[in-house]
Student: 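This is the structure I want to talk about, given as structure tokens.
Because the structure is a prediction, the values reported are computed rather than measured. Naming convention: chains lettered A, B, ... in sequence-line order (proteins, then strands); numbering from 1 in each chain.
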2 protein chains.
Amino acid sequence: MSENVVQRLRDEIENGIISNDFAPGARLDEVQLATRFGVSRTPVREALMQLNAIGLVEIRPRRGAVVIDPGPHRIFEMFEVMAELEGLAGSLAARRFTDADRTTILAAHADCERSSSAGDSDAYYYDNERFHKAIYTASHSGFLAEQCVALHRRLQPYRRLQLRVRNRVATSFAEHGAIVEAILAGDAEQARTLLRQHVSIQGERFSDLVATMASR
Amino acid sequence: MSENVVQRLRDEIENGIISNDFAPGARLDEVQLATRFGVSRTPVREALMQLNAIGLVEIRPRRGAVVIDPGPHRIFEMFEVMAELEGLAGSLAARRFTDADRTTILAAHADCERSSSAGDSDAYYYDNERFHKAIYTASHSGFLAEQCVALHRRLQPYRRLQLRVRNRVATSFAEHGAIVEAILAGDAEQARTLLRQHVSIQGERFSDLVATMASR
DNA sequence: ATGATAAATCTTGTATGCAAGAACATTGAC
DNA sequence: GTCAATGTTCTTGCATACAAGATTTATCAT
């Protein structure tokens, strides 16, 4: 798991940010983190540098690191880009999927059906993640898959909030059905369009996002 | 200019990689870099950590940092994603551009015309960059613009090679014309399609890329 | 001469030390 | 009582130190 201390710290702090243990705007004190993880400041700093590079924390000169607070508008922009990348992944998947890809996608879809009909939004969250990752893999573009996973991860907390909105799980699963159909039919443009719509948060869904963001 | 030493080092090393001073696969020795830039190993390591986080260098445990060698296939994948993001930027620009955006785009386009008809592919390279950045700006999506700039930067060396292919400058400029027309007409879908085609390297252009990559 | 083994050297990973800037508190003036 | 100025403390930024793994070199046996 832990190649070295820095990578472990990077993952730990990143998870802390994703899971909202370190809230947006929170100060990340070097010595505090160092003592907490039982290491010295050096690897902590190196981990923070990495998180700075990928845009998760801001390092203000001589004033320490803070968790970046994206704000609703930027979150929207990120979903906008995510929608486009997912659309691309879908269209590529429709053209390139193998038998193994089909199996994986259908399995993830079946799991989604189970958690969806059970009304278990937490379980659905994980199954949904697997479903989308299966599509990234089926795109057979390593770079695209990496980009999608990274963005997916950053949007994780907000995506989770989305699923709590009433009927969103059922709606999401219904959309998945159409997406699977388009991909397995090899209809690249349809897969692209459906995935784009599935991911983007338009109209009232943006209002929902802002509302749920404000309430935590 | 230099906020702090680490940022300066990050930029210097990144530029070195982009400009091929540090070739793909090259080892980045910490003490060597430290003495070269007149600093200690600590900030060098922190800079390398950042470059590792954005995928420019690989850090093998206990064995040092090397410049990542993407290889033709991955380069192709990166252009594929770039094309998609540029397409999105174009479609958003077509819907959102302001008077100031129009002015900037037209000015950059005029400069492209000048360097193109002069046959100066180096000058065209820079004007082309300004042209594309003007479109990112006109998209009025800060996140998208950042992603585009970052990817554009990483693809810089290969893009440059592309422009050396015969007639590519003239072809590129002609495509710009149609793109400007679509954006300023507010035709989002047309702008998206044209930009996607403009950026993606399909068919023989991929062969050209591989050939030019091999020859350096 | 070639291969293996062991020793020396080099490099990385982490800790610690020190100086400079920022935050904070105390004191004094109005 | 409020505000400002100054001194103290805390935190960061970088350098240096040291230990452990990796690499290279040298020696020896076959």
Side-chain angles (χ1 to χ4, degrees), chain A residues 1-18 20-71, chain B residues 1-18 20-70 150:
Chain A
M1 179 92 189
S2 67
E3 298 178 353
N4 53 15
V5 178
V6 174
Q7 287 307 315
R8 184 174 64 88
L9 288 176
R10 197 188 86 89
D11 291 345
E12 294 257 22
I13 301 173
E14 184 174 350
N15 285 333
I17 294 174
I18 301 293
N20 214 41
D21 281 346
F22 300 117
R27 208 156 152 291
L28 297 169
D29 188 81
E30 294 179 2
V31 291
Q32 198 172 307
L33 290 169
T35 54
R36 172 169 176 172
F37 294 112
V39 296
S40 84
R41 280 176 50 221
T42 308
V44 171
R45 281 181 60 82
E46 291 178 352
L48 289 176
M49 288 292 175
Q50 295 210 30
L51 296 174
N52 174 57
I54 61 175
L56 267 176
V57 315
E58 180 189 356
I59 295 183
R60 303 163 303 178
R62 294 258 169 217
R63 301 184 62 214
V66 295
V67 180
I68 283 192
D69 182 5
Chain B
M1 177 99 187
S2 66
E3 297 178 352
N4 52 15
V5 178
V6 173
Q7 286 307 315
R8 183 173 64 86
L9 288 176
R10 196 186 85 89
D11 291 346
E12 295 256 21
I13 301 173
E14 184 174 350
N15 285 333
I17 294 174
I18 301 293
N20 214 43
D21 281 347
F22 299 118
R27 208 158 154 290
L28 296 169
D29 187 83
E30 294 179 2
V31 290
Q32 198 171 307
L33 290 168
T35 55
R36 171 170 174 170
F37 293 112
V39 296
S40 84
R41 280 177 49 220
T42 308
V44 171
R45 280 184 61 84
E46 289 176 353
L48 289 176
M49 289 291 177
Q50 295 211 30
L51 296 174
N52 174 58
I54 62 176
L56 267 175
V57 314
E58 180 190 356
I59 295 184
R60 303 162 305 175
R62 292 263 171 211
R63 302 186 60 212
V66 295
V67 180
I68 282 192
D69 183 4

Student: Quick one: are A/Val39 and A/Arg8 in side-chain contact, heavy atoms under 4.5 Å?
Tutor: yes

Student: Please give me the minimum heavy-atom distance between B/Val44 and B/Leu9, naming the atom from each residue.
Tutor: N-CD1, 3.7 Å

Student: Whole angstroms only, please: what is the CG-C1' distance between B/Leu28 and C/dG13?
Tutor: 17 Å

Student: A/Asn4 CG to C/dT12 P: how many Å, rounded?
Tutor: 14 Å

Student: Taking only side-chain nitrogens and oxygens of A/Thr42, does any of them come within less than 4.0 Å of OP1 or OP2 of C/dT14?
Tutor: no

Student: Which of these nucleotides, D/dT11, C/dA15, D/dG13, is closest to any side-chain atom of A/Ile59?
Tutor: D/dG13

Student: Given atom CG of A/Leu33 and atom P of D/dT12, what is their separation to the nearest angstrom?
Tutor: 9 Å

Student: When the distance from CD of A/Gln32 to C1' of D/dT11 is rounded to whole Å, what number comes out?
Tutor: 12 Å

Student: Specify the separation, in whole Å, of atom CG of B/Leu48 and atom C1' of C/dG13.
Tutor: 13 Å

Student: Between B/Ala65 and A/Ser40, name the one whose nearest nucleotide on DNA chain C is closer to the 5' end.
Tutor: B/Ala65

Student: Quick one: is C/dT16 close enough that its OP1 or OP2 comes under 4.0 Å of any side-chain N or O from A/Arg41?
Tutor: no

Student: Is B/Arg63 near enough to C/dT12 that one of its side-chain N or O atoms lies under 4.0 angstrom from OP1 or OP2?
Tutor: no

Student: Give a yes/no answer on whether the side chain of B/Arg45 brings an N or O atom under 4.0 Å of OP1 or OP2 in D/dG13.
Tutor: no

Student: Have a look at B/Glu46 and say if it touches a base, only the backbone sugar-phosphate, or nothing, with a 4.0 Å heavy-atom cut-off.
Tutor: nothing

Student: Only one of B/Gln50, B/Arg10, B/Arg45 forms a side-chain contact (heavy atoms from CB on, under 4.5 Å) with A/Met49, so which one is it?
Tutor: B/Gln50

Student: Output yes when at least one side-chain N/O atom of B/Arg62 is less than 4.0 Å from OP1 or OP2 of C/dT14, else no.
Tutor: no

Student: How far does CD1 of B/Ile68 sit from CG of B/Asn52, to the nearest 0.5 angstrom?
Tutor: 7.5 Å

Student: Find the distance B/Arg60:CZ to D/dA22:P and express it as a whole number of Å.
Tutor: 12 Å

Student: A/Asn52 CG to D/dT12 P: how many Å, rounded?
Tutor: 14 Å

Student: Starting at CD of A/Glu30 and ending at C1' of C/dT16, how long is that distance when rounded to a whole Å?
Tutor: 14 Å

Student: Counting only heavy atoms not in A/Arg36, do more than 12 fall under 6.0 Å of its CZ?
Tutor: no

